[in-house]
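In this text the structure is predicted, and so the values were computed from the model without any measurement.
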Amino acid sequence: MSKSLKRVRAALEAAGIAADIKELGQTRTAQEAADAVGCQIDQIAKSIIFRGESSGTALLFLTAGGNRVCDTKASALAGEALGKADAALIRAQTGFAIGGVAPIGHLNPIHAFLDPRLLEFTTIWAAAGTPRHVFALDPHVLPDLTGAQVTDFTL
């Protein structure tokens, strides 16, 4: 088991969540992940990382699989212009590789925002620290679990 997957499992256990982590194989899109677990695309929680242009820090936007982040809304929430986060920043901030960024278990604290669309479901699926693993979760625990601000930042 990878260090990243172990970190996510430990974070779930520390929160008292008995999550079922599934190995899907490589899924490159939210639709592929939804098809693999048998859910709607918006039940896939995408972890989108941006880099603050002024601060240089990473910011996490947890969004429903079918939604896209609006750059203007996201920048307004962050209080600074946002740019693309490269693999090195994502790995340094979160400890995860692109495609496997989980909403929890990060190496360093991260400012996070949560798409309210995810809260319309009783179960969502999120990356479990690798591009091949996901776990099911009640989305209503995410704000407390991640410290994410629930707000609209999508197109």
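No chain of hydrophobic side-chain contacts below 4.5 Å, direct or via other Ile, Leu, Val, Met, Phe, Trp or Tyr residues, connects Leu118 to Phe113. The cluster map of Ile, Leu, Val, Met, Phe, Trp and Tyr, joined by side-chain heavy atoms under 4.5 Å apart, puts Val134 and Ile49 in different clusters.
The residue from Leu119, Thr63, Thr151 that alone fulfils the side-chain contact (heavy atoms from CB on, under 4.5 Å) condition with Leu114 is Leu119.
Side-chain contact between Thr27 and Pro131 is absent, with no heavy atoms from C-beta onward closer than 4.5 Å. By the 4.5 Å heavy-atom criterion applied to side chains, Ile124 and Ile44 are not counted as neighbours.
Taking CZ from Phe50 and CG from Leu77, the interatomic distance works out to 11.5 Å, rounded to the nearest 0.5 Å. Atom CG of Leu60 is separated from atom OG1 of Thr94 by 9.0 Å, given to the nearest 0.5 angstrom.
With hydrogens and angles disregarded, a donor-acceptor distance shorter than 3.5 Å links the side chain of Ser47 to the backbone of Val101. For Gln93 (side chain) and Pro109 (main-chain N/O), a donor-acceptor pair under 3.5 Å exists by modelled atom type. Between the side chain of Lys46 and the main chain of Asn67, a donor-acceptor pair closer than 3.5 Å is present. Distance alone, capped at 3.5 Å, is enough to place a donor-acceptor pair between the Asp115 side chain and the Ala64 backbone. Remark: side-chain polar atoms of Gln43 are paired, donor with acceptor, to backbone N or O of Thr123 under 3.5 angstrom.
Residues passing the side chain to side chain donor-acceptor pair (under 3.5 Å) test with Thr130, sequence neighbours excluded: His133. For Phe153, the ring-ring contact (aromatic ring centres under 6.0 Å, His included) partners at least two apart in sequence or on another chain are Phe61. Contacts of Ser4 classified as side chain to side chain donor-acceptor pair (under 3.5 Å), with partners at least two apart in sequence or in another chain: none. Applying the side-chain contact (heavy atoms from CB on, under 4.5 Å) criterion to Leu107, with sequence neighbours excluded, gives Arg7. Under the side chain to side chain donor-acceptor pair (under 3.5 Å) criterion, Thr57 pairs with Ser55, sequence neighbours left out. By the salt bridge (charged side-chain N to carboxylate O under 4.0 Å, His left out) test, Arg51 pairs with Glu53, sequence neighbours left out. By the salt bridge (charged side-chain N to carboxylate O under 4.0 Å, His left out) test, Asp152 is found to be paired with Lys73, residues two or more places apart in sequence or in another chain being considered. In this structure His106 satisfies the ring-ring contact (aromatic ring centres under 6.0 Å, His included) test together with Phe96, sequence neighbours excluded.
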Show me the donor-acceptor pairs, under 3.5 Å and distance only, between side chains in residues 31-40 and residues at least two apart or in other chains.
unit_1	atom_1	unit_2	atom_2	d
Gln31	NE2	Asp35	OD1	2.8
Glu32	OE1	Arg28	N	2.7

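A salt bridge (Lys or Arg N to Asp or Glu O under 4.0 Å) check over residues 80-102, counting only residues at least two apart or in different chains, returns nothing. Within the structure, every pair that satisfies the salt bridge (Lys or Arg N to Asp or Glu O under 4.0 Å) test and touches residues 16-26, not counting sequence neighbours, is listed here: Asp20-Lys22, Glu23-Arg132. For residues 95-112, no pair satisfies salt bridge (Lys or Arg N to Asp or Glu O under 4.0 Å), with sequence neighbours left out.
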